Participant: 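Okay, handing you the structure first.
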Amino acid sequence: MRTNQGPGRVLVAVYGVFAISAGARSGFQVAQSFDAAPLAYSLSVVAAVVYLIATLSLAGLGQRPRLVAWTAVGVELVGVLAVGSLSVVDPGLFPDETVWSGFGVGYGFVPLVLPLIGLGWLWWTRRSYGTGGDRPASHPRTEQD
Amino acid sequence: MLPAVAYALIAVSLLAGLWSLVLVAVNRQVNDPLVWLMSALELALLVQVVGGCVALAVTERDVAAGLFVGYLLTAVLVLPLGVAWAASEKSRWGPGVLAVACVATAALVQRLLDVWQA
């Protein structure tokens, strides 16, 4: 099954929302006052890029999207866990909010749950080609998607 | 900018989102009344861009202008993107995409209000 069909359609939409909001937020933070919180704002940019790559690859765009999606969602999970823990242990590190501080508390903890669902979905849809798959006959080639 | 208008937009967004979720639950396609509701919502959001910019120009408040206009414009973009992404999904998950877009729109209008009242 493709990652961008069925429930995956909704997952990509949620990722898209986060790509847009994290992108806009980080762009604004960097343009406005990068020096105020360089670490937090750099991480905001990283988070925005990760969300953007995850959105596009889960939507099936680009080269080897499934591999890219595994990587991006994996990095996202590590990021939210690392930044979440650090922001709780040492709040001084992050004078301004990022998407991932406090494990995404500012976004209803969606940033914490989203990568888990993303990894689960990639695992669930992993048999997208090969023997007896559900690939339609009109797409007989074994290109990765 | 009138908070009452923003609250009305949030209420309509959440209503449309709830409606979409019901369609997911009962496994139905998007229907015409929902399309009309979302079109009206999008139109109102476009009017809000104009109204918001005018309010920003005349207000005495110390509003973060870049942030405010950013939220105004983003709030307009989300519904059309959601509809475009939902259009080619012929299962119950099409309305699911619309639900995400509606909830995101409500959140953006709430943030817009926060920026205005900060």
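Computed from a predicted structure; not experimentally measured. Chain letters run A, B, ... following the sequence lines, proteins first, then strands; residues in each count from 1.
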Participant: Between B:L18 and B:Y7, is there a shared hydrophobic cluster once you connect ILVMFWY residues whose side-chain heavy atoms come closer than 4.5 Å?
Facilitator: no
Participant: Does A:N4 form a side chain to side chain contact (heavy atoms under 4.5 Å, CB included) with B:W85? I'd like the steps, not just the answer.
Facilitator: CA-CA 10 Å; A:N4 62 2; B:W85 185 240; 4.2 Å; yes
Participant: Determine which pairs satisfy salt bridge (charged side-chain N to carboxylate O under 4.0 Å, His left out) with at least one residue from residues 106-117 of chain B, sequence neighbours left out, and list them in order.
Facilitator: B:R111-B:D114
Participant: Is there a path of hydrophobic side-chain contacts, each under 4.5 Å between heavy atoms of I, L, V, M, F, W or Y residues, that connects B:V49 with B:L56?
Facilitator: yes
Participant: Just by distance, with hydrogens left out, do A:R9 and B:S91 show a side-chain donor and acceptor under 3.5 Å apart?
Facilitator: no
Participant: Tell me, for A:V10 versus chain B, whether the close heavy atoms (under 4.5 Å) come from the side chain, the backbone, both or neither.
Facilitator: both
Participant: Do A:V75 and A:V78 sit in one hydrophobic cluster, given that two such residues count as connected whenever their side-chain heavy atoms are within less than 4.5 Å of each other, even indirectly?
Facilitator: no
Participant: Can you tell me if CG on B:D62 sees more than 12 non-hydrogen neighbours from other groups inside 6.0 Å?
Facilitator: no
Participant: Would you say B:L113 and B:V109 are hydrophobically clustered, going by side-chain heavy atoms of ILVMFWY under 4.5 Å?
Facilitator: yes
Participant: I'd like to know which of B:L98, B:V100, B:L77 tops the heavy-atom pair count under 4.5 Å against chain A.
Facilitator: B:V100
Participant: If you count heavy-atom pairs under 4.5 Å between each of B:S88, B:A64, B:A104 and chain A, which one has the most?
Facilitator: B:S88
Participant: Under 4.5 Å between any side-chain heavy atoms of B:L81 and A:I20, yes or no?
Facilitator: yes
Participant: Between atom OG1 of B:T74 and atom CZ of A:R25, what is the distance when rounded to the nearest 0.5 Å?
Facilitator: 13.0 Å
Participant: Heavy-atom pairs under 4.5 Å with chain B - which of A:A13, A:G8, A:G16 has more of them than the others?
Facilitator: A:A13
